[in-house]
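Sequence lines set the chain letters: A, B, ... in the order given, protein chains first and strands last, and positions in each chain run from 1.
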Amino acid sequence: MHEMGIALQIIEIASASIPRSETPIQVEKVNLKVGKMAAIVSDSLQFCFEIAAKDSLLSGAALHIEEVPVRARCKECDTVWTIDEPVFKCQQCSSGQIDIISGRELNIESIEIADEEADFG
Amino acid sequence: MATHHKAFHKGSQPHTHDTHDTAVHTVKSGTREIKVVRRVLDVNDQMAEKNRRLFADHGIFVLNVMSSPGSGKTTTLEKTLAQIMPEIGCAVIVGDICTTNDADRLAVSGAPVVQVNTDEFGGDCHLAAHVIEKALGGIDLHGIQLLIVENVGNLVCPAEFDIGEDARVVILSVTEGEDKPLKYPLMFRECDIAILNKTDLLPYLDFDMGEAVNNIRQIHPDMPIIEMSSKTQEGMAPWLEWLKQQVQKKHKRR
């Protein structure tokens, strides 16, 4: 529901990561990691990003979203597994003492910029 | 125009810039990756930390109250404030997209109440840390031991935003159905305590309390669950007890 706000934040952070240059630098791609338990709908974020990027330094950039599964580790027996249904108990020993080790991400991993040198390399 | 642009980007073909009006032409191999590795909500998290330090300095316990619209947040808080004030100095921040109805109801308690209307912020579906920081400008924190933040009614988004609180409570009313914890796992996972509200309506519903409790236990096995009716105040004592304990603990840590 707040995907437009998230899209604007992504654009702000990614824009600040563009190296300083005399000539305009084209950002080709923004690589994002989104956990399955983050309150974000990927399609909706894509849609908002396209609209919001148009008038920014990221105009024309693609947003690449990598979905991260929800993984947990049991504090009792150390079992690590992927949670793909709404049950937050250890698969092995049914303990509720678990750590969520991934699945809450909402991270910008990197940006990919046009590299003119590479064109000739 | 927008439709065309969207269709273009959604295509399965690799994205080239030939059709874009840009000065730089690149080929697919001619890109360089720059590592960023930052949380998108970094700004919010930093602001939340700033809020948290301020609350710690004043020894104020901050409770973030979340639920879907109409589950009884405001009634629960009205009754709670009436029971714990003036023993505990309270202040309230209320978030809504529109209207000051909830703030007007809560102000009757005598506690300072700040209404935040999120339509200023684009009709936001949640309260973010900077909104709380701004709202704090309208509250004299001296003599306050408990700050209650009544979030925007929504079981999805508020769970994602740290506002600098100490604890989170989710209220689920029995008219909403037993399956809601399974449908909104993030909310039930993130909260420290759950209230199953409107138990006075149970005789008129097919609601299965055992199943609701089991569903919450599946998501958050050791979360305290309080069955109560904020309207009749039946079953409210354990809730008030929990809250008072939390406030005392925070006050002592100061």
Segment of [X] engaging chain A (4.5 angstrom heavy-atom cut-off):
X	answer
B:C157	both
B:N154	side chain
B:A159	backbone
B:F188	neither

Taking all non-hydrogen atoms of both residues into account, name the closest pair between B:P221 and A:G96 and its distance.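 For B:P221 and A:G96, the tightest heavy-atom pair comes out as CG-CA, 3.4 Å.
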Minimum-distance pair of heavy atoms, taken over all atoms of B:E33 and A:S110: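 Shortest heavy-atom contact: OE2-OG, 2.5 Å.
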Do you know which of B:V43, B:I219, B:L182 has the most heavy-atom pairs with chain A at a distance under 4.5 angstrom?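 If we count pairs closer than 4.5 Å to chain A, B:I219 comes out on top.
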Tell me, out of B:H126, B:R189, B:R217, who's got the most heavy-atom pairs with chain A below 4.5 Å.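 Maximum pair count with chain A is reached by B:R189.
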Given the rule in the side-chain hydrogen bond (donor to acceptor under 3.5 Å, both in side chains) test, do A:Q9 and B:D42 qualify, once you have shown the distances and angles that lead to the verdict? CA-CA 9 Å; A:Q9 281 291 321; B:D42 232 12; over 6 Å; no
Toward chain B, the part of [X] with a non-hydrogen atom under 4.5 Å:
X	value
A:I100	side chain
A:A14	neither
A:I98	both

Between A:R104 and B:E160, does any NZ, NE, NH1 or NH2 come within less than 4.0 Å of an OD or OE carboxylate oxygen?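 A salt bridge links B:E160 with A:R104.
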Residues, nucleotides or ligands: over 12 heavy atoms within 6.0 Å of [X] [atom1]:
X	atom1	result
A:R71	CZ	yes
B:K250	NZ	yes
B:K183	NZ	no
A:Q97	CD	yes
A:D99	CG	yes

What residue in A:K89, A:H2, A:M37 has the most heavy-atom pairs under 4.5 Å with chain B?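 Answer, by heavy-atom pair count under 4.5 Å with chain B: A:H2.
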Residue selection (most heavy-atom pairs with chain B, distance under 4.5 Å) from A:E12, A:E109, A:E105: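 Top option by heavy-atom pairs under 4.5 Å: A:E109.
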Report yes if the side chains of A:I13 and B:R39 come closer than 4.5 Å at any heavy-atom pair, otherwise no.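 A:I13 does not reach B:R39 side chain to side chain.
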Report the distance from atom CD1 of A:I25 to atom CD1 of B:I34, rounding to the nearest 0.5 Å.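 Spacing of CD1 (A:I25) from CD1 (B:I34) equals 7.0 Å.
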Distance, nearest 0.5 Å, that separates CD1 of A:I108 from NZ of B:K35: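 Atom-to-atom, A:I108:CD1 and B:K35:NZ are 12.5 Å apart.
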Determine whether a donor-acceptor pair (N or O, by modelled atom type, separation under 3.5 Å) exists between the side chain of A:E112 and the backbone of B:T31.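 No, the answer is negative, given that no donor and acceptor are paired below the 3.5 Å cut-off.
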